[in-house]
Asker: 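The structure follows.
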Amino acid sequence: MTAQHPLALGIHDLAIATGHHVLDLDDLAAANGVDPAKYHVGIGQDAFSVPAPDEDIVTMGATAAKEVLDRHGVEGIRTVLFATESGVDQSKAAGVYVHGLLGLPRNVRVVELKQACYGGTAAVQMALGIIARDPSERVLVIAADVARYDVETAAEPTQGAGAVAMLIAADPDLIELEPQSGLFTADVDDFWRPNDRSTALVDGRLSVTAYVDAFIGAWDDLADRGGPGIEAIDRFVHHQPFTKMAIKAHRKLAQHVDVPFEETELAVGFTYNRQTGNTYTASLWIALGALLDLDDDLAGARIGMFSYGSGSVGELMTGIVRPDHQQHRRTGRVHEMLAARVPLSVEAYRELHAAGAATSEDVERPRVTTAPFRFAGVSGGARHYEATGA
Ligand code: COA
């Protein structure tokens with residue numbers, strides 16, 4: 001398997017962060033009078049992360065980005081792209097707070113991107129364009145979200161929280177992203193969040209068909225552009241609002257291209273997402289992180305990565321895992337982070353949920369998180385963040 005681009009461009013590093021708390025879906029099933037198998041098997045989720053009152057997309061995104069910068073420094077970074085669909089301000093980019101928290105240099109541009117769960121992929125594509133023009137640059141991409149639906153709705157078990165930070169660079173350590181990708185856009189109201197709401201609205205059944213249509217449409221576009229055949233793609237990871245979605249879509253693709261499909265083929269990429277819940281823009285990249293950490297036979301493998309953002313935009317990218325990627329594995333670190341989350345009762349989670357709506361009123365947040373950064377509160381309408389010293 002050889003790269004098509006004269007210079008390998010791709011993901012040099014990838015770090016994952018999540019919320020301080022966790023809700024076990026067995027507990028939610030009991031509270032909702034639902035068979036737990038519906039959540040574990042029917043939806044394919046085991047738990048979801050819940051941010052502490054002093055956490056949000058900025059603190060999670062900064063935590064993930066700090067890990068990347070601790071390893072690689074800031075050299076060459078002139079762009080920070082922050083993708084989210086749970087933004088904390090209608091004007092100021094969340095990445096500007098991260099820029100301040102991390103002490104990034106002044107000569108850096110920062111911008112926020114939005115198209116539902118697809119925004120992280122748009123950021124990666126923009127980053128690739130920047131480093132293709134000047135390969136001495138590196139771009140910090142952050143994708144962070146808090147997935148919030150109303151309580152006691154069908155979507156409640158598919159909430160979650162998390163962030164990914166990636167360093168996009170030439171001659172990457174982890175994965176070379178290939179230049180061809182498949183695209184698909186359709187105007188559809190399967191999931192959205194109006195400006196006066198802090199919880200999303202979703203037509204769950206429609207989101208399944210819209211997602212599957214986007215996956216097949218992106219596949220066909222990639223094929224039309226001379227992309228690799230199914231036999232040349234060794235693994236797949238998907239955006240996973242709940243992991244069963246990836247199974248449904250992949251089953252359809254297998255029928256479309258007439259190959260057999262076993263659900264277990266996708267299981268490794270589900271490992272972290274089953275625990276974090278939906279992380280919107282970060283979801284696909286958390287799946288990729290799990291694959292890179294936990295699949296022992298990836299060197300030189302071609303990975304298909306399907307990104308979907310409701311509304312809707314889909315993109316199927318491919319990448320070749322670098323031969324020495326195992327030297328840069330973070331195996332164990334994410335498991336430790338997930339295991340360290342503090343469990344919540346359903347009652348405590350619902351109290352936090354009720355208090356979680358966005359506000360511009362003056363408020364001080366209690367000190368709860370043990371992450372490196374915290375959301376201190378709001379004064380004069382402005383949000384304040386600080387390092388915790390952790
Ligand atoms: N054991 C095993 N499976 C069970 C079960 C049990 N006891 N009870 C139900 N199930 C299965 C159902 O058969 C169904 O499986 P299928 O889809 O393969 O047929 C699955 O569990 C879900 O149950 P269903 O009743 O169809 O769905 P729901 O009304 O509870 O809603 C979602 C499920 C996923 C649609 C809902 O949680 C949702 O809308 N989530 C948000 C999705 C989203 O974010 N979309 C936008 C981003 S792409």
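Quick note: numbers below take in every heavy atom, side chains included, and nothing from hydrogens, waters or symmetry partners. Start at 1 and go down the list; that is how both ligands and their atoms are numbered.
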Asker: Which option wins on minimum heavy-atom distance to atom 31 (O) of ligand 1: Ala154, Gly204, Gly44?
Answerer: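 Going through Ala154, Gly204, Gly44 one by one, Ala154 has the nearest heavy atom to atom 31 (O) of ligand 1.
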Asker: Any idea which protein heavy atom is nearest atom 7 (N) of ligand 1, and the distance to it?
Answerer: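 Here the nearest protein heavy atom works out to Asp35 OD2, 2.9 Å.
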Asker: Is atom 3 (N) of ligand 1 close to the protein, meaning a heavy atom under 4.0 Å from it?
Answerer: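 So far as the 4.0 Å threshold goes, atom 3 (N) of ligand 1 is in reach of a protein heavy atom.
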Asker: Mind checking whether Phe375 and His384 have ring centres under 6.0 Å apart?
Answerer: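 Between Phe375 and His384, the centre distance exceeds or equals 6.0 Å.
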Asker: Verify the distance criterion only: is there a donor paired with an acceptor across the side chains of Thr121 and Glu315 at less than 3.5 Å?
Answerer: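 Side-chain D/A pair, Thr121 to Glu315: absent.
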Asker: When you check the side-chain N and O atoms of Arg148 and Ser86, is any donor under 3.5 Å from an acceptor?
Answerer: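 No, no side-chain donor-acceptor contact under 3.5 Å.
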Asker: Give me the ring orientation class for Tyr280 and Phe191: parallel if the planes are under 30° apart, tilted from 30 to 60°, perpendicular past 60°.
Answerer: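 The arrangement is perpendicular - the two ring planes meet at more than 60°.
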Asker: At a 4.0 Å cut-off, with the gap strictly under it, does some heavy atom of Arg205 reach an atom of ligand 1?
Answerer: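 Yes, that is the case, since the closest heavy atom of the residue is under 4.0 Å from the ligand.
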Asker: In the protein, which heavy atom is nearest to atom 42 (C) of ligand 1, and how far is it?
Answerer: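 Closest protein heavy atom to atom 42 (C) of ligand 1: Phe242 CE2, 3.7 Å.
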Asker: I need the contact type for Ala37 against ligand 1. Using non-hydrogen atoms and a strict under-4.0 Å cut-off, is it side chain, backbone, both or neither?
Answerer: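 Within the 4.0 Å criterion, Ala37 contacts ligand 1 through backbone and side-chain atoms alike.
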Asker: Against heavy atoms of Tyr308, which atoms of ligand 1 measure under 4.0 Å?
Answerer: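 The atoms of ligand 1 under 4.0 Å from a heavy atom of Tyr308 are 48 (S).
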Asker: Have a look at Thr158, Val34, Val208 and point out the one with the heavy atom closest to atom 41 (C) of ligand 1.
Answerer: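 Considering heavy atoms of Thr158, Val34, Val208, the nearest to atom 41 (C) of ligand 1 sits in Thr158.
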Asker: Select the closest option to atom 21 (O) of ligand 1 among Gly42, Ala116, Ala200, judged by heavy-atom distance.
Answerer: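 It is Gly42 that holds the nearest heavy atom.
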Asker: Select one of side chain, backbone, both or neither to describe which atoms of Ala155 lie under 4.0 Å from any atom of ligand 1, heavy atoms only.
Answerer: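 Both backbone and side chain of Ala155 come within 4.0 Å of ligand 1.
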Asker: For Lys244, which part has a heavy atom under 4.0 Å from ligand 1: side chain, backbone, both, or neither?
Answerer: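 Side chain only; the backbone of Lys244 stays clear of ligand 1.
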Asker: Side chain or backbone, does Tyr211 bring an N or O within less than 3.5 Å of an N or O on ligand 1?
Answerer: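 By distance alone, the answer is no.
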Asker: Please find out if less than 6.0 Å separates the ring center of Phe306 from that of Tyr211.
Answerer: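 Between Phe306 and Tyr211, the centre distance is under 6.0 Å.
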Asker: Any non-hydrogen atom of Ser310 lying under 4.0 Å from ligand 1?
Answerer: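 True for this residue.
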Asker: Quick one: does atom 46 (C) of ligand 1 have a protein heavy atom under 4.0 Å from it?
Answerer: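 Under 4.0 Å from atom 46 (C) of ligand 1, at least one protein heavy atom found.
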Asker: Numbering the atoms of ligand 1 from 1, which are under 4.0 Å from a heavy atom of Phe191?
Answerer: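 Here the atoms of ligand 1 in question are 46 (C).
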Asker: Looking at the rings of Tyr349 and His21, which for Trp means the six-membered one, are their centres under 6.0 Å apart?
Answerer: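 No.
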Asker: Does a side chain donor of either Asp173 or His325 reach within less than 3.5 Å of an acceptor in the other side chain?
Answerer: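 Asp173 vs His325: no donor-acceptor pair found between side chains.
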Asker: Can you label the angle between the His238 ring and the Phe215 ring as parallel, tilted or perpendicular, going by 30° and 60°?
Answerer: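 Aromatic pair His238/Phe215 classed perpendicular.
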Asker: Report yes or no: does Asp56 contribute a side-chain atom to a donor-acceptor pair with the main-chain N or O of Thr59 at less than 3.5 Å?
Answerer: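 Between the backbone of Thr59 and the side chain of Asp56 there is a qualifying donor-acceptor contact (under 3.5 Å).
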Asker: Just do the salt bridge (charged side-chain N to carboxylate O under 4.0 Å, His left out) check on Arg365 and Glu55 with the steps written out, would you?
Answerer: CA-CA 9 Å; Arg365 292 299 174 109; Glu55 290 181 323; over 6 Å; no
Asker: Got the closest protein heavy atom to atom 10 (N) of ligand 1, with its distance?
Answerer: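 Looking only at protein heavy atoms, the one closest to atom 10 (N) of ligand 1 is Lys38 CG, 3.9 Å.
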Asker: Which protein heavy atom lies closest to atom 17 (O) of ligand 1, and at what distance to 0.1 Å?
Answerer: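 Residue, atom and distance for the closest contact: Lys248 NZ, 2.5 Å.
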Asker: With a 6.0 Å cut-off (strictly less than), is the heavy-atom count around CG of Asp297, excluding the residue itself, greater than 12?
Answerer: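 Check fails, neighbour count at 12 or below.
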Asker: Examine ligand 1 and decide if any of its atoms is less than 4.0 Å from a heavy atom belonging to Glu156.
Answerer: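 The answer is no: ligand 1 sits nowhere under 4.0 Å from a heavy atom of Glu156.
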Asker: Test Asp190 against Arg205 for salt bridge (charged side-chain N to carboxylate O under 4.0 Å, His left out), laying out the working first.
Answerer: CA-CA 8 Å; Asp190 59 328; Arg205 301 283 162 83; over 6 Å; no
Asker: Please state which protein non-hydrogen atom is closest to atom 44 (O) of ligand 1 and give its distance, to 0.1 Å?
Answerer: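 It is Tyr149 OH, 2.7 Å.
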Asker: Does atom 12 (C) of ligand 1 have a protein non-hydrogen atom under 4.0 Å from it?
Answerer: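 Looking at atom 12 (C) of ligand 1, one finds that no protein heavy atom lies closer than 4.0 Å.
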Asker: Would you check, one step at a time, whether the test salt bridge (charged side-chain N to carboxylate O under 4.0 Å, His left out) holds for Arg329 with Asp296?
Answerer: CA-CA 10 Å; Arg329 271 177 153 185; Asp296 288 330; 3.1 Å; yes
Asker: Distance under 4.0 Å to a non-hydrogen atom of Met245: what atoms of ligand 1 satisfy this?
Answerer: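 Those atoms are 48 (S).
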